[in-house]
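Below, all heavy atoms of this structure are taken into account, side chains as well, without hydrogens, waters or symmetry copies.
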Amino acid sequence: RTFKKIVGVVQPTLSVLPPSRVELEQGSATLVCVASGGFPSDWKLGWKVGGSSRSGGVSDSLGVLGKDGHYSWSSTLTLPADQWRKAGSVSCQASKNGQTQPVTQALNPGECSE
């Protein structure tokens, strides 16, 4: 099988997974941002909490090349549970040098009170 050759830039699709209720009850909140189907591999994932950029408590995975020639990545953000509840919104952004518009996916803590 040969890898498909991709030409140009492909924006990844982002999905943000909310923290579990069990974890929140223990006082912390871990969010995972999964970016899939992007090209080339130099997209960077970042987080915004309540509208401001967040770099602490973040761990990023390296890009994984799929059979279709696209890359997938993930980034994990860990917050104190009260910060998560007060954040208003948490968003994950994929940005790339030379791309004017980052790809953004937001998660609203209020919608995740299950």
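Between the side chains of S95 and W43, not a single donor N or O lies within less than 3.5 Å of an accepting N or O. Between the side chains of R54 and Q83, a donor-acceptor pair is found at a separation under 3.5 Å.
We find the OG-NE2 distance between S36 and H70 to be 10.0 Å, quoted to the nearest 0.5 Å. For the atom pair CD (Q105) and OG1 (T13), the distance works out to 9.5 Å, reported to the nearest 0.5 Å. Rounded to the nearest 0.5 Å, atoms CG (D60) and OG (S74) are 8.0 Å apart.
Contact annotation: the side chain of D42 approaches that of K96 to within less than 4.5 Å [non-hydrogen atoms, C-beta and beyond]. Side-chain contact between V16 and L31: present, with at least one pair of heavy atoms (C-beta onward) separated by less than 4.5 Å. Looking only at side-chain heavy atoms (C-beta outward), S75 and V32 stay at 4.5 Å or farther from each other. Side-chain contact between P12 and W73 is present, with heavy atoms from C-beta onward closer than 4.5 Å. Residues C33 and L77 fail the side-chain proximity criterion, which asks for heavy atoms closer than 4.5 Å. You'll find the side chain of V9 reaches within 4.5 Å of the side chain of P40, heavy atoms only.
Exactly one residue among T30, T78, L107, V49 makes a side chain to side chain contact (heavy atoms under 4.5 Å, CB included) with W84. That residue is L107.
Linking Ile, Leu, Val, Met, Phe, Trp and Tyr residues whenever their side-chain heavy atoms come within less than 4.5 Å leaves L17 and V64 in two separate clusters. Placement of L65 and V34 in two distinct hydrophobic clusters is found when ILVMFWY residues are connected by side-chain heavy-atom separations under 4.5 Å, directly or transitively.
Pairing each heavy atom of G63 with each of Y71, the nearest pair is C-CD2, 4.3 Å.
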